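See structure below.
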There are 2 protein chains.
Amino acid sequence: MEAAVLIRQDVTAIPRDTRTSTRTIAVERRLRRSEALRPPERGDLVALRVLEGCLRVCHPLLDGRRQITDFLFPQDRISLMEVRCHNGSIEAVTSARVSLFPSDGLDGDDGMHADHYRARLGAMQARLFMLGHKNAREKLAAFLLEMSDRIGGGEDTFRLAMSRYDIADYLCLSPETVCRNFTLMVSDGLLALPDSQTVRILHRAPLEFIGR
Amino acid sequence: MEAAVLIRQDVTAIPRDTRTSTRTIAVERRLRRSEALRPPERGDLVALRVLEGCLRVCHPLLDGRRQITDFLFPQDRISLMEVRCHNGSIEAVTSARVSLFPSDGLDGDDGMHADHYRARLGAMQARLFMLGHKNAREKLAAFLLEMSDRIGGGEDTFRLAMSRYDIADYLCLSPETVCRNFTLMVSDGLLALPDSQTVRILHRAPLEFIGR
DNA sequence: CGTTATCTTGATAAGTCTCAATGCAAGTGG
DNA sequence: CCACTTGCATTGAGACTTATCAAGATAACG
């Protein structure tokens, strides 16, 4: 039992300095049905799987900035309850197709099981280590290696769906710092950037050394 | 079915510049029985509850530093599997008494349920926001408020069990920065430090404003 | 009472953010 | 079709925060 949904990019123009999204998930209003803190009822949409495209999980901060806690690519699953519990939203980075899974009515059900939670905890733990002790160069190296795996299936050349601003909010850096470190890596010969969205990893080993 | 264990401080002197623990949990070797990645077998110790004292959850980093992901106080529970999965260890900050819970043999069982995982994810999410976007002063304010709740039950005066080094590794700062910000808060009249371990919050409202 | 670890403070260096300006590409309306 | 707008990417200059290195102060302990 699942519903396939097409999510299109929304061109709602939101002032840039708020650092909020310029493209809002069109289906977001539908998902809000399950945002309340009440236990989900039978039929509430409680989980999402990406079929196509790229999404981001955003959390607004008190100072008006935002944090992106994850990007979602095809085959990735996420619990909408988990996102909603932390005041988050799911937004479309590109147009995307997703499957939405309704609750089977069990209390607290979001279609996720202990293994999935353990995996999520592991991913967050890794992000904790990264945010705590990596500098900008190391964060970017780790990010590119992660994207190489998740977008390109480990290929050296892949296309980043997200903007420098998205990357900055994911790595907790300013977009300028992200940009400067892209430039540095290119001039160090680690990367090539045929265009600003396309990344080619030229020397994976040193990149792994930096990003580990 | 549970085993109560007394954990004493171990005085293994480890050179300070490694930033590793100076007090190692004596029972640690016993806990390693359940560290393997195999599913726990009936009788393996898979969860811990603190009865008395203070523990820390430590994770060594590749550069030799460590990250403390949590402090544990009486009534806190933790999954040993979760700790072990991330190469972590549990160490005694003070002498402590804990209960250890054996697995009932269910696959992947650590005595924790979905609600508990959700709570853990929430706590980590909060830490993520903190590490990403708070400066040293804000981190320390948030830390003190957290400790006031967890140690002192919300009282304004409480005693920190952990050293400045522990606090630094928890907040991902240098101990010097932690120290300086203690001093600053005292000279700003927010805090009093009768001795370096005892904290008295003099003005909670501004502290909450900073730490939020 | 010396030894040791911890806490504190200072000086300096390094890294990152902020503010500002420019370039570029895509879309819009006349 | 072309000026115009808009958002994103890039680069520079300066300020600010934090880490690092160093040294002194304090407290705990044998």
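Order of the sequence lines sets the chain letters (A, B, ...), proteins ahead of strands, with each chain counted from 1. This one's a predicted model, so the numbers in the text were calculated from it and none came from an experiment.
A salt bridge is absent between A:Lys134 and B:Asp63: the closest approach of a Lys/Arg side-chain nitrogen to an acidic carboxylate oxygen does not fall below 4.0 angstrom.
Overall bending of the helix from C:dC1-D:dG30 to C:dG30-D:dC1, expressed as the angle between end axes built from five pairs apiece, is 30° (10° steps).
At whole-Å resolution of the value, CG in B:Leu193 and C1' in D:dT26 are 14 Å apart. A:Met185 places its CE atom 17 Å from the C1' atom of D:dA9, with the value rounded to the nearest Å. Atom CD1 in B:Ile167 sits roughly 11 Å away from atom C1' in C:dC7 (whole-Å rounding). Atom P of nucleotide C:dC7 and atom CZ of B:Phe182 are separated by 9 Å, given to the nearest angstrom. Straight-line distance from the OH atom of B:Tyr165 to the P atom of C:dT6: 7 Å, rounded to whole Å. Following rounding to the nearest Å, A:Glu176 (CD) and D:dA9 (P) show an atom-to-atom distance of 11 Å. A:Asp166 places its CG atom 9 Å from the P atom of D:dC8, with the value rounded to the nearest Å. Straight-line distance from the CE atom of B:Met162 to the C1' atom of C:dT6: 15 Å, rounded to whole Å.
Counting only heavy atoms from C-beta on, B:Cys179 has its side chain closest to C:dC7 among C:dC7, D:dC8, C:dA20.
The main-chain N or O of B:Pro74 is never found under 3.5 Å from a side-chain atom of B:Arg49 such that the two would form a donor-acceptor pair.
Cation-pi geometry between B:Arg120 and A:Tyr117 is not met at under 6.0 angstrom from the ring centre and within 45 degrees of the axis. In this structure, B:Arg164 is positioned above the aromatic face of B:Phe182, its NZ or CZ under 6.0 Å from the six-membered ring centre and within 45° of the axis.
For B:Phe73, there are no ring pair (Phe, Tyr, Trp, His ring centres under 6.0 Å) partners at least two apart in sequence or on another chain.
Counting heavy atoms from C-beta on, the side chains of A:Asp169 and A:Arg65 never come closer than 4.5 Å.
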Enumerate the protein-to-nucleotides 17-19 of chain D contacts in which both atoms are nitrogen or oxygen and the separation is below 3.5 Å.
unit_1: D:dT18; atom_1: OP1; unit_2: B:Ala136; atom_2: N; d: 2.5
unit_1: D:dA19; atom_1: OP1; unit_2: B:Ser174; atom_2: N; d: 3.4
unit_1: D:dA19; atom_1: OP2; unit_2: B:Ser174; atom_2: N; d: 3.2
unit_1: D:dA19; atom_1: OP2; unit_2: B:Ser174; atom_2: OG; d: 3.1
unit_1: D:dA19; atom_1: OP2; unit_2: B:Thr177; atom_2: OG1; d: 2.6

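Phosphate contact (OP1/OP2 of D:dT11, side-chain N/O of A:Thr183, threshold under 4.0 Å): present.
Around the CZ atom of B:Arg159, the shell of radius 6.0 Å holds more than 12 heavy atoms that belong to other residues, nucleotides or ligands. Within 6.0 Å of CZ in B:Arg200 there are 12 or fewer heavy atoms belonging to other residues, nucleotides or ligands.
Taking CD of B:Glu91 as the reference point, atom CZ of B:Arg66 lies at 6.5 Å (rounded to 0.5 Å).
At the heavy-atom level, A:Gln197 lies under 4.0 Å from the strands shown only through sugar-phosphate atoms.
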